[in-house]
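Note that the structure is predicted; figures quoted are calculated from it, not measured. Letters A, B, ... mirror the listed sequences (proteins, then strands); counts begin at 1.
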Amino acid sequence: DAGVTQSPTHLIKTRGQQVTLRCSPKSGHDTVSWYQQALGQGPQFIFQYYEEEERQRGNFPDRFSGHQFPNYSSELNVNALLLGDSALYLCASSWGGRGGGEQYFGPGTRLTVT
Amino acid sequence: KQEVTQIPAALSVPEGENLVLNCSFTDSAIYNLQWFRQDPGKGLTSLLLIQSSQREQTSGRLNASLDKSSGRSTLYIAASQPGDSATYLCAVRHSGGGTDKLIFGTGTRLQVFP
């Protein structure tokens with residue numbers, strides 16, 4: 001049973017560029033959440049997708065956008081990259097929308113903005 | 001606004017010691033609480049999930065307790081081993097208000113030396 005997978009593993013971009021990160025949820029899961037983790041900090045919630053809709057959003061600017069596909073996989077897009085966007089981006093999947101479903105995290109994508 | 005705090009921020013102990021990691025949260029209206037392990041530069045591995053109606057959960061050498069009314073959880077690690085060295089994060093999920101995100105503490109960085 002494949003767990004949550006993310007691609008790419010590492011990414012280096014220049015300020016002002018755009019980036020797309022990808023996530024495939026654990027088999028049987030239909031909900032995908034994205035988190036940003038700066039060095040030495042806990043992950044911060046970016047947004048959550050369920051039934052191909054953004055259901056909930058954290059305190060992140062509109063430069064951060066996403067998409068969920070019919071197969072439940074998801075993309076995170078960041079436009080006009082800033083140095084402060086350098087972080088580990090984590091994807092988590094769960095089942096069934098709201099409620100006590102356990103979230104399973106992927107290995108993350110390390111984004112470095114220079 | 002929910003805030004999650006973890007104490008201590010770092011801990012260094014000899015192998016074999018029993019450990020207690022602490023997590024506190026300001027709003028007791030949580031749906032569940034989850035403890036994670038994170039190795040350097042890696043994703044999160046779920047260790048234990050405690051629903052709000054539960055008092056504790058156990059898995060092997062790990063035991064997590066939850067006191068919702070006082071806003072506290074502890075993770076007990078018995079007979080620590082060098083392989084336990086990692087950062088331990090706790091996260092709460094709110095109940096009600098359509099909030100489904102995890103709110104994380106900043107973690108406890110644990111080093112177990114032989």
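Within a 6.0 Å sphere centred on CZ of B:Arg61, heavy atoms belonging to other residues, nucleotides or ligands number more than 12. For A:Lys13, the NZ atom sits in a packed shell: over 12 heavy atoms of surrounding residues, nucleotides or ligands are nearer than 6.0 Å. The number of heavy-atom neighbours closer than 6.0 Å to CZ of A:Arg57, taken from other residues, nucleotides and ligands shown, is above 12. By the neighbour-count criterion of 12 heavy atoms within 6.0 Å, atom CG of A:Leu83 is densely surrounded, having more than that number from other residues, nucleotides or ligands. With a 6.0 Å radius and a threshold of 12 heavy atoms from other residues, nucleotides or ligands, A:Asn59 has its CG atom at or below the threshold. For A:Leu82, the CG atom counts as densely surrounded, since its 6.0 Å shell holds more than 12 non-hydrogen atoms of other residues, nucleotides or ligands.
Looking at A:Tyr104, its side chain never comes within 3.5 Å of a backbone N or O of B:Leu44 through a donor-acceptor pair.
For B:Gln6, no part lies near chain A; criterion is any non-hydrogen pair under 4.5 Å. For A:Gln44, no part lies under 4.5 angstrom from a heavy atom of chain B. Using a 4.5 Å cut-off between heavy atoms, A:Phe47 makes no contact with chain B at all.
Ring-centre distance between A:Phe45 and B:Phe104: not below the 6.0 Å cut-off.
One finds the CG atom of A:Leu90 at 12.5 Å from the NZ atom of B:Lys42 (value rounded to the nearest 0.5 Å).
Chain A forms the most heavy-atom pairs under 4.5 Å with one residue out of B:Thr45, B:Leu89, B:Leu102, and that residue is B:Leu102. With respect to chain B, the highest number of heavy-atom pairs below 4.5 Å among A:Gln6, A:Gln37, A:Arg110 belongs to A:Gln37.
In plain terms, the two heavy atoms of B:Thr106 and A:Gln41 that are nearest each other are CG2-OE1, 3.8 Å.
Side-chain contact of A:Gln103 with B:Ser46: a donor-acceptor pair under 3.5 Å is absent, judged by distance alone.
Between A:Glu102 and B:Gln34, the closest side-chain pair of non-hydrogen atoms falls below 4.5 Å.
Both B:Leu21 and B:Leu33 are part of a single hydrophobic cluster, where members link through side-chain heavy atoms under 4.5 Å apart. The hydrophobic clustering, which links ILVMFWY residues whose side-chain heavy atoms are closer than 4.5 Å, places B:Val13 and B:Ile77 together.
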In sequence, state the C-alpha distance, the side-chain angles, and the governing distance for A:Ile46 and B:Lys101, and then conclude on side-chain contact (heavy atoms from CB on, under 4.5 Å). CA-CA 9 Å; A:Ile46 302 174; B:Lys101 63 184 179 184; over 6 Å; no
